[in-house]
Amino acid sequence: MRLFKRRQVESDTNYSLSHFDSLYATIVSKLSVEVRAQYCENLIGRTKEDLALAINKEEVKYLRSLLIAAQREKDNLLPNN
């Protein structure tokens, strides 16, 4: 599971990655496009693993929203991939 503290938010697919991930919001978002895209790729992989292990409904809902936000951010950073 995540090592960073999860923000207490309602799961929603309209939120940006910065809304879900305080590490991304405060540090990673200020780094190069390549680093941000790699962070998103790693987050997507970890989140998929967490989703496979999640049992409660709220956690599943949150992780799905996080996954969508990370994928959207990666797609915005690397639109041709």
Side-chain angles (χ1 to χ4, degrees):
M1 288 300 198
R2 301 274 157 264
L3 294 178
F4 57 87
K5 186 175 180 181
R6 180 172 68 170
R7 288 186 181 188
Q8 296 297 320
V9 296
E10 275 186 43
S11 298
D12 189 331
T13 57
N14 294 324
Y15 289 130
S16 69
L17 182 56
S18 293
H19 190 83
F20 287 103
D21 185 340
S22 59
L23 177 63
Y24 188 84
T26 58
I27 298 171
V28 178
S29 64
K30 294 169 180 60
L31 301 175
S32 70
V33 170
E34 294 80 16
V35 171
R36 288 183 281 160
Q38 187 59 53
Y39 180 87
C40 290
E41 186 66 35
N42 293 341
L43 180 60
I44 290 166
R46 290 191 317 268
T47 303
K48 285 180 179 179
E49 290 174 8
D50 289 348
L51 197 50
L53 300 172
I55 343 175
N56 89 38
K57 230 176 175 179
E58 287 302 311
E59 187 72 10
V60 168
K61 187 176 177 183
Y62 174 83
L63 290 169
R64 284 184 180 154
S65 295
L66 177 60
L67 188 60
I68 290 167
Q71 186 62 55
R72 186 183 312 128
E73 183 70 18
K74 181 182 165 208
D75 291 346
N76 288 338
L77 292 168
L78 304 171
N80 296 329
N81 291 337

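Given the structure is predicted, the values throughout are model-derived calculations rather than measurements.
Rounded to the nearest 0.5 Å, atoms CG (N76) and CD (Q71) are 10.0 Å apart. Here the CG atom belonging to L63 is positioned 12.5 Å from the NZ atom belonging to K61, to the nearest 0.5 angstrom. For the atom pair OH (Y62) and CG (N56), the distance works out to 13.0 Å, reported to the nearest 0.5 Å. Between the CD1 atom of I68 and the CD1 atom of I44 there is a distance of 11.0 Å, given to the nearest 0.5 Å. In this structure, OG on S65 lies 12.0 Å from CG on L17, to the nearest 0.5 angstrom. For the atom pair SG (C40) and CZ (R72), the distance works out to 11.5 Å, reported to the nearest 0.5 Å.
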### Candidate pair D21 and Y39, rule side chain to side chain contact (heavy atoms under 4.5 Å, CB included), full reasoning
CA-CA 11 Å; D21 185 340; Y39 180 87; 2.5 Å; yes

### Task
Applying side chain to side chain contact (heavy atoms under 4.5 Å, CB included), run through L67 and K48 and close with a yes or a no.
CA-CA 7 Å; L67 188 60; K48 285 180 179 179; 4.0 Å; yes

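At a threshold of 4.5 Å between side-chain heavy atoms, the hydrophobic network of Ile, Leu, Val, Met, Phe, Trp and Tyr places V33 and V35 in two separate groups.
For the pair F20 and Y15, the tightest heavy-atom approach, listed with the atom from each and the gap, is CE1-CB, 3.4 Å. Considering every non-hydrogen atom in both E59 and A54, the closest pair reads CG-CB, 4.0 Å. Between A37 and L77 the shortest heavy-atom distance is N-CD1, 3.6 Å. In terms of heavy-atom proximity, S16 sits nearest to A69 at C-CB, 4.0 Å. Of all heavy-atom pairs spanning S18 and A25, the tightest one is O-CB, 3.6 Å.
Taking the side chain as every heavy atom from C-beta outward, R46 and N42 approach each other to under 4.5 Å. Side chains of R64 and L51 form a contact here, defined as non-hydrogen atoms less than 4.5 Å apart. Residues L66 and D50 are not in side-chain contact: their nearest non-hydrogen atoms beyond the backbone lie 4.5 Å or more apart.
Remark: E49 pairs with no residue by the side-chain hydrogen bond (donor to acceptor under 3.5 Å, both in side chains) rule, at least two apart or across chains.
In K30, the NZ atom is crowded: over 12 heavy atoms of neighbouring residues, nucleotides or ligands sit closer than 6.0 Å.
At least one donor-acceptor pair closer than 3.5 Å links the side chain of R36 to the backbone N or O of L31.
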